[in-house]
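These numbers come from the heavy atoms of this one structure, side chains and all, not from hydrogens, waters or symmetry mates. Keep in mind that what you see is a predicted model, and the values were worked out from it rather than measured.
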Amino acid sequence: MSPTHRVRPSDLDAIPRDAAVCRELVEQARAHGRSATVIATVDPEGAFQLAHDGCRKVALAVVHAAGRRPKGAAHHAVTFDAAASLVIEHRQDEERQCLTSALDDATDLRHVRGGSEYRGEKVPSITVDEAIAVLAELLDGLPALVDELLG
């Protein structure tokens with residue numbers, strides 16, 4: 001299930017923009033990506049969790065840079081949807097397509113995360129590799145949008 005990229009105002013709270021918080025979220029996402037790559041063969045579930053959390057953190061940095069915070073029971077999905085909406089608003093053509101596709105993929109990975117986290121399901125190595133690749137795509141484009149939104 002891919003995001004609709006439609007976020008209702010009731011899905012987000014207004015917050016003050018904090019460049020330090022946004023940049024720390026991006027740095028944590030980068031660290032999660034490095035760690036996930038290192039442990040992928042010995043702890044695939046841990047690597048997947050780190051890669052997925054890195055996706056969420058870099059997307060959250062974008063949303064925070066716009067002065068918003070997702071809320072509600074579906075706040076992780078809202079995070080990816082809100083980030084995609086900002087990409088659509090601020091990016092053009094191929095870059096827009098690449099980043100919204102990666103955000104859609106990150107949203108889809110939430111279901112794998114739920115199976116691993118709550119039902120003890122094994123994460124196949126191909127899925128771990130996909131999660132790490134999605135995070136790399138997001139880290140390739142979203143930090144520049146964070147900087148742009150922060151001004």
Side-chain angles (χ1 to χ4, degrees), residues 1-12 17 21-41 44-118 121-151:
M1 173 186 230
S2 295
T4 62
H5 307 145
R6 286 183 230 142
V7 179
R8 299 177 312 226
S10 62
D11 292 333
L12 301 167
R17 292 178 183 172
V21 168
C22 294
R23 292 190 176 103
E24 179 60 26
L25 287 166
V26 170
E27 287 310 309
Q28 287 178 13
R30 285 189 174 118
H32 284 359
R34 289 189 302 271
S35 297
T37 300
V38 169
I39 69 168
T41 58
E45 287 74 28
F48 177 84
Q49 296 283 357
L50 282 167
H52 179 268
D53 197 46
C55 291
R56 184 187 59 78
K57 285 184 176 188
V58 71
L60 184 60
V62 170
V63 178
H64 279 208
R68 298 287 182 261
R69 177 181 56 218
K71 65 179 182 176
H75 64 279
H76 285 185
V78 170
T79 298
F80 294 123
D81 270 358
S85 293
L86 289 161
V87 166
I88 289 167
E89 182 180 342
H90 294 276
R91 292 294 179 257
Q92 299 297 318
D93 304 325
E94 189 176 326
E95 183 180 18
R96 177 192 303 173
Q97 177 58 38
C98 180
L99 289 172
T100 57
S101 179
L103 287 161
D104 287 352
D105 290 344
T107 298
D108 291 343
L109 292 172
R110 284 179 35 254
H111 303 290
V112 176
R113 181 196 168 275
S116 173
E117 184 77 13
Y118 302 113
E121 296 171 0
K122 295 278 186 190
V123 178
S125 61
I126 189 133
T127 306
V128 174
D129 294 343
E130 178 187 358
I132 292 169
V134 168
L135 175 55
E137 287 179 57
L138 295 176
L139 285 170
D140 192 44
L142 292 183
L145 180 55
V146 169
D147 290 340
E148 180 182 314
L149 291 169
L150 289 171

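Atoms NZ and SG, from K57 and C22 in turn, are 13.5 Å apart once rounded to the nearest 0.5 Å. With rounding to the nearest 0.5 angstrom, the CG atom of D53 is 4.5 Å from the CZ atom of R56. To the nearest 0.5 angstrom, L135 atom CG is 11.0 Å from D140 atom CG. With rounding to the nearest 0.5 Å, the separation of CG in D81 from OG1 in T100 is 11.5 Å. Between C55 atom SG and R110 atom CZ the span is 12.5 Å, to the nearest 0.5 Å. Here the NE2 atom belonging to H52 is positioned 9.5 Å from the CG atom belonging to D108, to the nearest 0.5 angstrom.
Using a 4.5 Å heavy-atom cutoff, the side chains of F48 and L109 are in contact. Residues R69 and V63 form no side-chain contact, since every pair of their non-hydrogen atoms from C-beta on lies 4.5 Å or further apart. In this structure, I39 and L50 have side chains that are in contact, with non-hydrogen atoms separated by less than 4.5 Å. Between R23 and D147 the shortest side-chain heavy-atom distance falls below 4.5 Å. You'll find the side chain of T79 stays beyond 4.5 Å of the side chain of V62, heavy atoms only. For the pair I88 and R96, the minimum side-chain heavy-atom distance is below 4.5 Å. Counting heavy atoms from C-beta outward, P70 and L60 have side chains that approach closer than 4.5 Å. The shortest side-chain heavy-atom distance between L12 and V7 falls under the 4.5 Å cut-off.
G54 and H32 make their closest contact through N-CD2, 3.7 Å (heavy atoms, listed as atom of the first residue, atom of the second, distance). Of all heavy-atom pairs between L138 and A106, the closest is CD1-CB, 4.4 Å.
In this structure a side-chain-to-backbone donor-acceptor pair under 3.5 Å is present from D11 to R8. Between the side chain of R17 and the main chain of A65, a donor-acceptor pair closer than 3.5 Å is present. In terms of modelled atom types and a separation under 3.5 Å, the side chain of S101 and the main chain of C98 share no donor-acceptor contact.
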Please step through side chain to side chain donor-acceptor pair (under 3.5 Å) for the pair Q28 and E24, ending with a clear verdict.
-> CA-CA 6 Å; Q28 287 178 13; E24 179 60 26; 3.1 Å; yes

Please step through salt bridge (Lys or Arg N to Asp or Glu O under 4.0 Å) for the pair R91 and E148, ending with a clear verdict.
-> CA-CA 11 Å; R91 292 294 179 257; E148 180 182 314; 2.7 Å; yes

Would you sort out whether V78 and K71 count as a side-chain contact (heavy atoms from CB on, under 4.5 Å), showing the intermediate values?
-> CA-CA 8 Å; V78 170; K71 65 179 182 176; over 6 Å; no

L142 and V87: side-chain contact (heavy atoms from CB on, under 4.5 Å), yes or no, with the steps?
-> CA-CA 8 Å; L142 292 183; V87 166; 3.7 Å; yes

Derivation of the side-chain contact (heavy atoms from CB on, under 4.5 Å) call for I132 and V128 = CA-CA 6 Å; I132 292 169; V128 174; 4.0 Å; yes

